[in-house]
Amino acid sequence: MYSMIEKPELKITELRTGLFLINDSDMSNAYLLVGEEKACLIDTGNGFCDIGKAIRELTDKSIVIINTHGHPDHV
């Protein structure tokens, strides 16, 4: 099913309180910053994994998404 990777997975590391590094199958990184009122997702990864589901396990706050540029590993 996945030609580029054998088993897709998200690796989530909390770098400090409210700041998460989200690694998508060792092919791209995204960051989630959880504030007092909202959360911000910087880049959305390759789409191999359900990043939305993973984020909902970290926060239930409204999410603002910022894609840094249009390469497939960021949007």
Side-chain angles (χ1 to χ4, degrees):
M1 180 175 172
Y2 298 97
S3 59
M4 296 175 67
I5 55 175
E6 188 171 312
K7 182 181 175 190
E9 72 175 311
L10 289 177
K11 298 173 191 162
I12 300 174
T13 305
E14 189 168 16
L15 301 174
R16 59 196 220 185
T17 303
L19 177 60
F20 299 88
L21 167 63
I22 304 171
N23 177 278
D24 185 358
S25 306
D26 289 331
M27 296 185 70
S28 68
N29 290 319
Y31 293 89
L32 178 68
L33 178 60
V34 180
E36 291 182 23
E37 297 179 22
K38 295 182 182 179
C40 179
L41 177 63
I42 302 170
D43 291 328
T44 53
N46 287 303
F48 294 126
C49 302
D50 190 346
I51 195 169
K53 180 181 176 184
I55 288 169
R56 284 295 162 221
E57 293 176 8
L58 299 171
T59 184
D60 62 354
K61 295 180 180 180
S62 297
I63 299 171
V64 174
I65 297 173
I66 299 172
N67 288 315
T68 58
H69 60 287
H71 290 159
D73 60 326
H74 294 270
V75 297

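For the numbers below, each heavy atom of this structure counts, side chains included, while hydrogens, waters and symmetry mates do not. All values reported here derive from a predicted model rather than from experimental measurement. Residues take their numbers from the sequence shown, with the count starting at 1.
- For K61 against E36, the heavy-atom pair with the smallest separation is NZ-O, 3.1 Å.
- Note on L19 and V64: separate hydrophobic clusters, where clusters join Ile, Leu, Val, Met, Phe, Trp and Tyr whose side-chain heavy atoms are under 4.5 Å apart, directly or indirectly.
- Put simply, CD1 on I51 and CG on D43 are 9.0 Å apart, with the number rounded to the nearest 0.5 Å.
- Under a hydrophobic clustering in which Ile, Leu, Val, Met, Phe, Trp and Tyr are joined whenever their side-chain heavy atoms come within less than 4.5 Å, directly or via other members, I12 and V34 fall into the same cluster.
- Rounding to the nearest 0.5 angstrom, the gap separating the CG atom in N23 from the CD atom in E9 is 8.5 Å.
- Hydrophobic cluster membership is shared by L32 and L10, with clusters built from Ile, Leu, Val, Met, Phe, Trp and Tyr side chains linked at under 4.5 angstrom.
- Across all non-hydrogen atoms, the minimal contact from C49 to S25 is SG-OG, 3.9 Å.
- The cluster map of Ile, Leu, Val, Met, Phe, Trp and Tyr, joined by side-chain heavy atoms under 4.5 Å apart, puts L21 and I42 in the same cluster.
- The CG atom of L58 sits 6.5 Å away from atom CD1 of I22, with the distance rounded to the nearest 0.5 Å.
- Rounded to the nearest 0.5 Å, atoms CD1 (I63) and CZ (R56) are 3.5 Å apart.
- Annotation: the span from L33 atom CG to I66 atom CD1 amounts to 9.5 Å, rounded to 0.5 Å.
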